[in-house]
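When a ligand or atom number is given, it counts from 1 through the structure's own listing order. This one's a predicted model, so the numbers in the text were calculated from it and none came from an experiment. Quick note: residue numbers are just sequence positions, from 1.
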Amino acid sequence: MRLRALTTLNFRNLTPDTLELPAGLVSVSGANGAGKTNLLEAAYLVLTGLTEAGRLEQLVARGSGEAYVRADLERQDGVSILEVGLGRGRRVAKVDGVRVRSGALPPGSAVWIRPEDSELILGAPGVRRTFLDALLSRLSQRYAHQLSLYERHLAQRNAALRAMTSRVGEGRAEPWALDVWDAKVVELGTEILSLRRRVLARLTPLAQEAHEALGGHKALTLNLDETTTPEDFHADLLRRRDEELARGVTLSGPHRDDLAMRLDDFPAGDFVSRGEARTIALALRKAELDLLTERYGEPPVLLVDDWTAELDPQRRNFLLGLARALPQALITGTDAVPGAAGCYAAHDGSFSWQGGSA
Ligand SMILES: Nc1ncnc2c1ncn2[C@@H]1O[C@H](COP(=O)(O)OP(=O)(O)OP(=O)(O)O)[C@@H](O)[C@H]1O
């Protein structure tokens, strides 16, 4: 896939503009704070409907009420116009002028590689769960649907538990009332657990292969660290019911699971260097790119933020080799990327065309 043009209006610090983007490797370079990350963030949002921002308002330029992003995306079957409008806590998405749910923007159209990806290894289990859930949701609409239903029923079960917890002391708890929530949570949770196992079986060899190609000498293993299994979920809820009533929260299920990563059989989160963490994260993103390419039949646009951060020459070469093999990659850094098909210089939220680089 190729992003032919990107238009932004009132998006963070970006000056309203339309950037025409060539195929191949596109370099965006400039000083710290110039707006390079913001440009990739706008592209990722309009291409996939996804954002890492905590609140949508953060994406709107300070002092403005609304922001807008448009992408002219070239795919095998033609060019689509994708649009996202952002207001206070509100988002509107359109494909070719027709309003759609933001989940209906093409989920396989971009992969974003960022220095913050190291948190996938060094951060809390929730970061890894979000990675798996986001990837699975992009590979399977059914997973996205079942996950959102699971989260809704889980919130209701937790609310019921909390209400009962406050009545336990008075001897008025009625735990049988949980049965109705248990049935739905188990039905949905069991499917989520099974789908996660299936995708991990495909993700693992791809990540291992990329990790080796990146020069990672230690053996990488990925495993689901599960609080329950598809077979035992219902029994586990019943077994831990007293504990749950005491604490007012659901203690088993996919919402508590982790994606355990090990290097040479040591837990990666506790023992890796920053560079090793970045290497594992790169391998995971490469595996994500492979799975999305396989699922949608053509490679996504690759977005790489700060391509030199924490990476030695071998890893930088891997990243540039990967980018060059794709129809298009947008790569940011404080220095221009060598051998780019086109270069933009970023300055204070504006981008000026510099032509190709040597
Ligand atoms: N909603 C917003 N409105 C206006 N400016 C914003 C908004 N959100 C962020 N900014 C500003 O955008 C600027 C550019 O940030 P960005 O992260 O894109 O820089 P960068 O070029 O990637 O820098 P670095 O090389 O340091 O990573 C920052 O100075 C930030 O304060």
Side-chain angles (χ1 to χ4, degrees), residues 3 5-19 21 25-71 83-93 102 110-120 122-123 127 274-275 277-278 281-282 285 301-312 315-316 319-320 323 328-338 340 342-354 357:
L3 182 56
L6 181 70
T7 301
T8 63
L9 184 67
N10 298 339
F11 190 90
R12 290 204 190 259
N13 81 326
L14 304 183
T15 305
D17 201 358
T18 296
L19 301 189
L21 298 159
L25 203 155
V26 182
S27 160
V28 181
S29 58
N32 295 137
K36 307 180 296 294
T37 303
N38 295 348
L39 186 77
L40 296 190
E41 189 177 31
Y44 192 65
L45 173 73
V46 73
L47 288 172
T48 63
L50 301 171
T51 176
E52 299 285 332
R55 287 176 298 112
L56 291 178
E57 292 93 278
Q58 292 170 323
L59 301 174
V60 179
R62 281 191 286 272
S64 302
E66 294 182 338
Y68 169 81
V69 188
R70 165 181 160 148
E83 296 170 283
V84 170
L86 301 168
R88 192 170 291 278
R90 199 172 58 87
R91 164 178 14 193
V92 175
S102 57
V111 166
W112 191 7
I113 295 178
R114 319 184 301 150
E116 291 85 344
D117 287 344
S118 301
E119 286 302 298
L120 286 172
L122 304 171
V127 181
R274 301 261 344 152
R278 188 85 215 277
L282 266 180
R285 291 294 180 209
V301 176
L302 181 65
L303 309 170
V304 181
D305 196 15
D306 209 350
W307 68 284
T308 54
E310 289 165 357
L311 296 180
D312 64 22
R315 278 129 175 120
R316 287 179 196 182
L319 198 51
L320 293 187
Q328 190 183 47
L330 271 58
I331 304 192
T332 75
T334 46
D335 297 311
V337 182
C343 298
Y344 275 99
H347 178 71
D348 218 3
S350 296
F351 300 87
S352 51
W353 176 249
Q354 311 285 303
S357 70

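- Heavy-atom separations between Ala346 and ligand 1 are all 4.0 Å or longer.
- Partners of Leu122 under the side-chain contact (heavy atoms from CB on, under 4.5 Å) rule, at least two apart in sequence or in another chain, are Ser118, Glu119, Val272, Arg274, Ala277.
- At least one heavy atom of Gly35 sits closer than 4.0 Å to an atom of ligand 1.
- The proximity of Glu41 to ligand 1, defined as any non-hydrogen pair under 4.0 Å, does not occur for either the backbone or the side chain.
- Nearest protein heavy-atom neighbour of atom 15 (O) of ligand 1: Asn38 ND2, 3.5 Å.
- With respect to atom 17 (O) of ligand 1, the closest heavy atom belonging to the protein is Thr37 CB, 3.5 Å.
- A donor-acceptor pair under 3.5 Å is absent between the side-chain atoms of Glu66 and the main chain of Gly85, judged by distance alone.
- Considering only non-hydrogen protein atoms, atom 14 (C) of ligand 1 sits nearest to Gly33 O, 3.2 Å.
- Between Glu41 and the choices Leu14, Thr8, Leu59, the side-chain contact (heavy atoms from CB on, under 4.5 Å) rule is met once, by Leu59.
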Worksheet entry | Test log, rule side chain to side chain contact (heavy atoms under 4.5 Å, CB included), inputs Glu52 and Arg114 | CA-CA 11 Å; Glu52 299 285 332; Arg114 319 184 301 150; 3.7 Å; yes

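- Separating the CZ atom in Arg316 from the CH2 atom in Trp307 is a distance of 6.0 Å, to the nearest 0.5 Å.
- Among the atoms of Thr334, none of the N or O lies under 3.5 angstrom from an N or O of ligand 1.
- Of the candidates Asn13, Val60, Asn10, Val60 brings a heavy atom nearest to atom 1 (N) of ligand 1.
- An N or O contact shorter than 3.5 Å is missing between Glu57 and ligand 1 by distance.
- Ranking the protein heavy atoms by distance from atom 8 (N) of ligand 1 puts Arg12 NH1, 3.2 Å first.
- For Ala31, every heavy-atom contact with ligand 1 shorter than 4.0 Å involves the backbone, none the side chain.
- What sits closest to atom 30 (C) of ligand 1 on the protein, heavy atoms only, is Arg62 NH2, 4.8 Å.
- For the residue pair Thr332/Asp305, the side-chain donor-acceptor check at 3.5 Å is satisfied.
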Would you be so kind as to tabulate the donor-acceptor pairs closer than 3.5 Å made by side chains of residues 342-349, with sequence neighbours excluded?
| from | atom 1 | to | atom 2 | distance (Å) |
| --- | --- | --- | --- | --- |
| Tyr344 | OH | Glu20 | N | 3.4 |
| Tyr344 | OH | Glu20 | O | 2.7 |

Discussion item. Could you go through Leu19 and Asp17, starting from their C-alpha distance and side-chain angles, then the distance that decides it, and tell me whether this counts as side chain to side chain contact (heavy atoms under 4.5 Å, CB included)?
Written reply: CA-CA 6 Å; Leu19 301 189; Asp17 201 358; 3.8 Å; yes

